[in-house]
2 protein chains.
Amino acid sequence: MKKMNMKELAKELNVSIATVSKALRDSHEISGLTKKKILEMASKLNYTTNPYAGSLRNKKSKTIAVILPEVADSFFSLAINGIQSVAEKKGYHVLIYLSHEKYSNEKSIVGECNSGRVDGVLISISSETTNPDHILKLQKENIPIVFFDRNFEGLNISSVVTNDFESGYLSALHLIKNGCQNPVFLSISSSLGICNKRAEGFRSALIEKKTGRIKNPVIICSGTYQEINSQIKKLLTGKIRPDGIIASVDRLAMSVYLICRETGISIPNELKVAVFSTMETAPILNPPLTTITQPAFEIGRIATELLFKKIEKKAFSVVDENIILPSFLIERTSTAAS
Amino acid sequence: MKKMNMKELAKELNVSIATVSKALRDSHEISGLTKKKILEMASKLNYTTNPYAGSLRNKKSKTIAVILPEVADSFFSLAINGIQSVAEKKGYHVLIYLSHEKYSNEKSIVGECNSGRVDGVLISISSETTNPDHILKLQKENIPIVFFDRNFEGLNISSVVTNDFESGYLSALHLIKNGCQNPVFLSISSSLGICNKRAEGFRSALIEKKTGRIKNPVIICSGTYQEINSQIKKLLTGKIRPDGIIASVDRLAMSVYLICRETGISIPNELKVAVFSTMETAPILNPPLTTITQPAFEIGRIATELLFKKIEKKAFSVVDENIILPSFLIERTSTAAS
DNA sequence: CTGAAAGCGCTAACAG
DNA sequence: CTGTTAGCGCTTTCAG
């Protein structure tokens, strides 16, 4: 069965192609009767309008790009749901691109976004990204952009993030209150604003409470799975061991749990653990894991709404907004007082 | 900064637009020198070719659609990684659509796929889907399709799945061997082939081993989160309680764990639990959860390779292949012998 | 080796 | 209310 086009449809009905076009877009210029006839024939002949021909004319792709470091992370999965929920409502299509936390990947993906393929871009930057030029270039091309969760600081681009400093601060206080003398913060990047803010909040609490004997309580965990595991293992079995950990992502907390099992370190007695995460399994881990839970779906949803505001009012150059949604500390056994 | 097009680029260089086009696609018709000049000017002026104009001419979108029930599931997250890995290599773009396990959503998404927007479709059907007409229609339009994980039986369409019957069978044997007298299988759908096969395998083992006093050991769990929870709770606290559970997806096992915590049912002493899942947290749950783990990344990867085989050789009408990859039973404490 | 010209399928002036 | 027509940006014969 060959794909039929508008011209053929028009011929079939003995009307002009323009009439068909207008009827299909429900123009008021077309009489109810012809409209009806056209619609019927279209569905009978299984006609579907070619989206790319329209894109070419209208310079609108009805498509947005979502660029994220990883999908196999509970936060991003939920965020995608939020994004999709509004894109769908707007009749938009969603292209997903993964940077795998590599700056080079992110750069080339972003580079592709100014081709007209997409009407807007949602991005959560990779942990390696320290140079925002690729993003600024996109902005200069006048493509609407919104950061979600992981933004690049100081760029005058809309973003939706959580109260990172405060969450870091409160999570540290929580550990300290429950008896930690030597908490550390496991970060995944020294450049990621979101991590740094959380780490700063964390640090502030230690200073304020005069807690911690470890010179630098913010530890960057990077490298492969293996490397990170051995790095954490060294940390937990070294001479100066922390008695509390705030992990910045799912994976790091899992590592810590695994290593504690393996080495027999008892959580929360010897080590208290909390994580920035939306993991659904947190309450059924051994022991149940304290989380600082971000409103992932909402972050995705609101970021997308912001994006559409820019896409739809592109002419008037909508002002950029930076929205901060609160995360919630959910206390569980992993940080219980000793 | 306005987006520049090929015509402008050509003018800038005092060559014809045809020459530019050819140079950019590295045609042998163009001399090395002009090619070089054109490439340089293109990158200097930040020219990017408009993908939709090309799509219109070539009737190729360089885009595939992935239709899946849900992203917030470890299996699908990993599968997306596999899909993306090969799409990227081929220079293809990936559109993601979520059916949210609703047939109506799936149907309208699939309906959109014959518009020329995509060159091929990867799909894992919703748990509600019992009628394959929407998919057959797509096939008739000559759009390459490949099922991954959840296929529709008997359609003569390529698919990549796991050894479902066998896994169901082996998981039941495992429970029985470790002492279960009354195991049940928690399914999410009575129509999903994949669930039914697993359930059939499960049933076969019970019959073969003459085990189980519950009339129908295959239980369909459906409805909202809440409804499923209360359904499971009723099951676990009723008069005829199972002493073993095989859950067909992440979520059901989590429910079981949560309810056991709440009601004080001890795993594995009073109830043994295993799940079809790729959950990374399985080993650190309380207790560590036995899983039947699917090769999710591989399923995604191979399904996509199959898809490209069809996309690339569309003319010769590649024969459909049904590939079966094995899942692995990973025994953990949740099913330990009493 | 380079260029002119005919569309891909659709939309939107503009005429009638 | 309906039709004619000129492109959107690019690729690809076909001539030169």
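Order of the sequence lines sets the chain letters (A, B, ...), proteins ahead of strands, with each chain counted from 1. What's counted below: heavy atoms across the whole structure, side chains too, no hydrogens, waters or symmetry copies.
For the 3.5 Å distance criterion, the side chains of A/Glu101 and A/Ser126 fail to qualify, holding no donor opposite an acceptor. With 3.5 Å as the limit, one finds a donor-acceptor pair spanning the side chains of A/Thr129 and A/Glu106. A donor-acceptor contact under 3.5 angstrom links the side chains of A/Asp320 and A/Ser158, judged on distance only. Looking only at atom types and distance, the side chain of A/Thr19 has a donor-acceptor partner in the side chain of A/Ser16 under 3.5 Å away.
Among D/dT11, D/dT13, C/dC14, the nucleotide with an atom closest to any side-chain atom of A/Lys22 is C/dC14.
Remark: A/Lys35 NZ is packed, more than 12 non-hydrogen atoms of other residues, nucleotides or ligands lying under 6.0 Å away.
One can place CG of A/Leu24 at 14 Å from P of D/dT2, the figure rounded to the nearest angstrom. Whole-Å rounding puts the A/Asp26 CG to D/dC1 C1' distance at 15 Å. For the pair B/Arg117 CZ and C/dC10 P, the computed distance is 13 Å after rounding to whole Å. The CG atom of B/Asn14 sits 9 Å away from the P atom of C/dG3 (whole-angstrom rounding).
Both tests pass for B/Lys90 against the ring of B/Phe308: distance under 6.0 Å to the centre and angle within 45° of the axis.
A heavy atom lying under 4.0 Å from DNA chain D marks the following residues of residues 27-36 of chain A, by number: A/His28, A/Glu29, A/Ile30, A/Ser31, A/Thr34.
Looking at heavy atoms from C-beta onward, B/Leu95 lies in side-chain contact with B/Arg117 at the 4.5 angstrom threshold. B/Phe76 places none of its side-chain heavy atoms less than 4.5 Å from the side chain of B/Val71.
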Produce the list of close N/O pairs, under 3.5 Å, pairing protein atoms with atoms of nucleotides 5-9 of chain C; give distances to one decimal.
unit_1: C/dG7; atom_1: N2; unit_2: B/Arg57; atom_2: NE; d: 3.4
unit_1: C/dG7; atom_1: N2; unit_2: B/Arg57; atom_2: NH1; d: 3.1
unit_1: C/dC8; atom_1: O3'; unit_2: B/Lys59; atom_2: NZ; d: 3.2
unit_1: C/dC8; atom_1: O2; unit_2: B/Arg57; atom_2: N; d: 3.4
unit_1: C/dG9; atom_1: OP1; unit_2: B/Lys59; atom_2: NZ; d: 2.4
unit_1: C/dG9; atom_1: OP2; unit_2: A/Asn5; atom_2: ND2; d: 3.4
unit_1: C/dG9; atom_1: N2; unit_2: A/Ala53; atom_2: O; d: 3.1

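For A/Ser21 and C/dC10, the shortest distance from a side-chain N or O to OP1 or OP2 is not below 4.0 Å. In this model, the phosphate group of D/dT2 is not approached by any side-chain N or O of A/Ser16 to a distance below 4.0 Å at OP1 or OP2.
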